[in-house]
Amino acid sequence: MASGDDSPVFEDDESPPYSLEKMTDLVAVWDVALSDGVHKIEFEHGTTSGKRVVYVDGKEEIRKEWMFKLVGKETFSVGAAKTKATINIDAVSGFAYEYTLEINGKSLKKYMESRSKTTNTWVLHLDGEDFRVVLEKDTMDVWCNGKRMETAGEFVDDGTETHFSVGNHDCYIKAVSSGKRKEGIIHSLIVDNREIPEILE
């Protein structure tokens, strides 16, 4: 490096995954809530250079240079379950483009609506740390901060309980019938005998 050069020097293991200075062609950012966490998807589209770059949680997943066809799609995976994601690039008019994200073949909006019916999410603060607990109702899998938890199911008088631990804390998700057909089963998270309110994602 020449003396007088003010650019920072990073050892290979210290360099940031990407630099905002380099992301001059950033055209879209999405936050996608999956069972293993909320993932940030960023897309760069250089309409003069033909560049396409997809970042997931700051890590470069796809880089293509000199793409002469400016419309099309880029498909990649997101999260621990390798969920399929596709960015569609469509011309709107002249040199204007529209970017839409699909998750598992559905628009992001439809995917999130469907997901809200098949999952419950709770956020709690224990021992100075934040935890995001997700129940996948179709499989009864429980995720906490991106990891699938070891669980034990138990039948009780008024429904079922799915037990697991977060640190030294005893937790369970109680499933009881609402008594109403449209509402179905109500799931509640209990941590140290205290009910945690659900959040809507």
Side-chain angles (χ1 to χ4, degrees), residues 17-18 20 22-123 130-148 173 178 180-187 189 197-201:
Y18 62 98
L20 289 176
K22 293 178 185 170
M23 295 178 71
T24 54
D25 294 322
L26 185 67
V27 293
V29 178
W30 297 275
D31 288 323
V32 180
L34 300 177
S35 294
D36 67 334
V38 178
H39 300 278
K40 181 183 284 287
I41 298 172
E42 297 165 294
F43 182 57
E44 287 185 57
H45 187 216
T47 55
T48 54
S49 65
K51 175 178 73 172
R52 296 182 191 175
V53 186
V54 175
Y55 298 94
V56 177
D57 298 327
K59 181 178 174 281
E60 187 176 296
E61 293 293 321
I62 295 174
R63 175 176 289 273
K64 294 181 180 173
E65 304 281 353
W66 305 109
M67 300 279 297
F68 293 108
K69 188 174 180 192
L70 294 175
V71 296
K73 56 178 67 180
E74 295 298 336
T75 300
F76 52 98
S77 61
V78 179
K82 302 285 185 213
T83 303
K84 180 183 169 192
T86 302
I87 296 173
N88 294 302
I89 309 156
D90 297 301
V92 179
S93 64
F95 291 102
Y97 297 89
E98 179 180 73
Y99 308 94
T100 54
L101 178 66
E102 292 179 357
I103 304 292
N104 280 343
K106 297 179 183 172
S107 73
L108 180 58
K109 183 179 182 204
K110 288 216 180 306
Y111 176 80
M112 295 313 289
E113 286 170 358
S114 167
R115 189 175 158 68
S116 71
K117 294 174 188 162
T118 61
T119 62
N120 290 81
T121 304
W122 297 270
V123 173
D130 288 326
F131 294 92
R132 180 177 177 270
V133 176
V134 177
L135 168 68
E136 292 180 349
K137 293 189 256 188
D138 52 350
T139 61
M140 293 304 288
D141 284 341
V142 176
W143 292 76
C144 181
N145 286 4
K147 294 184 177 70
R148 190 175 319 188
I173 296 173
S178 65
K180 299 177 187 154
R181 213 167 122 190
K182 281 196 179 225
E183 286 181 40
I185 296 172
I186 297 171
H187 296 88
L189 173 63
E198 182 181 357
I199 65 162
L200 301 174
E201 291 186 309

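Please read all numbers here as calculations on a predicted model, not as lab measurements.
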Interatomic distance, CH2@Trp143 vs OG1@Thr121, rounded to 0.5 Å, equals 12.5 Å

One should read off an interatomic distance between Leu26 CG and Glu42 CD, to the nearest 0.5 angstrom, of 6.0 Å

For Lys82 and Ser77 the tightest heavy-atom approach is CD-OG, 3.6 Å

* Asked: Checking side chain to side chain contact (heavy atoms under 4.5 Å, CB included) for the pair Val27/Asp25: CA distance, chi angles, key distance, verdict?
  -> CA-CA 6 Å; Val27 293; Asp25 294 322; 5.6 Å; no

Residues passing the side-chain hydrogen bond (donor to acceptor under 3.5 Å, both in side chains) test with Glu61, sequence neighbours excluded, are Lys59

Does any non-hydrogen side-chain atom of Arg52 lie less than 4.5 Å from one of Ile89? yes

Verify side chain to side chain contact (heavy atoms under 4.5 Å, CB included) between Thr86 and Glu74, making sure each step is shown before the conclusion. CA-CA 5 Å; Thr86 302; Glu74 295 298 336; over 6 Å; no

Tyr97 meets the ring-ring contact (aromatic ring centres under 6.0 Å, His included) criterion, sequence neighbours left out, with His45

Of Tyr99, Phe76, Trp30, Tyr55, the one forming a ring-ring contact (aromatic ring centres under 6.0 Å, His included) with Phe43 is Tyr99

query: Taking it one step at a time, do Lys73 and Glu102 satisfy salt bridge (charged side-chain N to carboxylate O under 4.0 Å, His left out)?
result: CA-CA 10 Å; Lys73 56 178 67 180; Glu102 292 179 357; 5.5 Å; no

* To do: I would like to know whether Val32 and Thr83 meet side chain to side chain contact (heavy atoms under 4.5 Å, CB included); could you show each step before the answer?
  => CA-CA 11 Å; Val32 180; Thr83 303; over 6 Å; no

Walk me through it: do Arg115 and Val134 pass the test side chain to side chain contact (heavy atoms under 4.5 Å, CB included)? CA-CA 11 Å; Arg115 189 175 158 68; Val134 177; 3.7 Å; yes

Review point. Salt bridge (charged side-chain N to carboxylate O under 4.0 Å, His left out) between Lys40 and Asp31: does it pass, once the steps are laid out?
Key: CA-CA 5 Å; Lys40 181 183 284 287; Asp31 288 323; 3.8 Å; yes

Checklist line | Leu108 side chain reached by Ile103 side chain, heavy atoms, under 4.5 Å | finding: yes

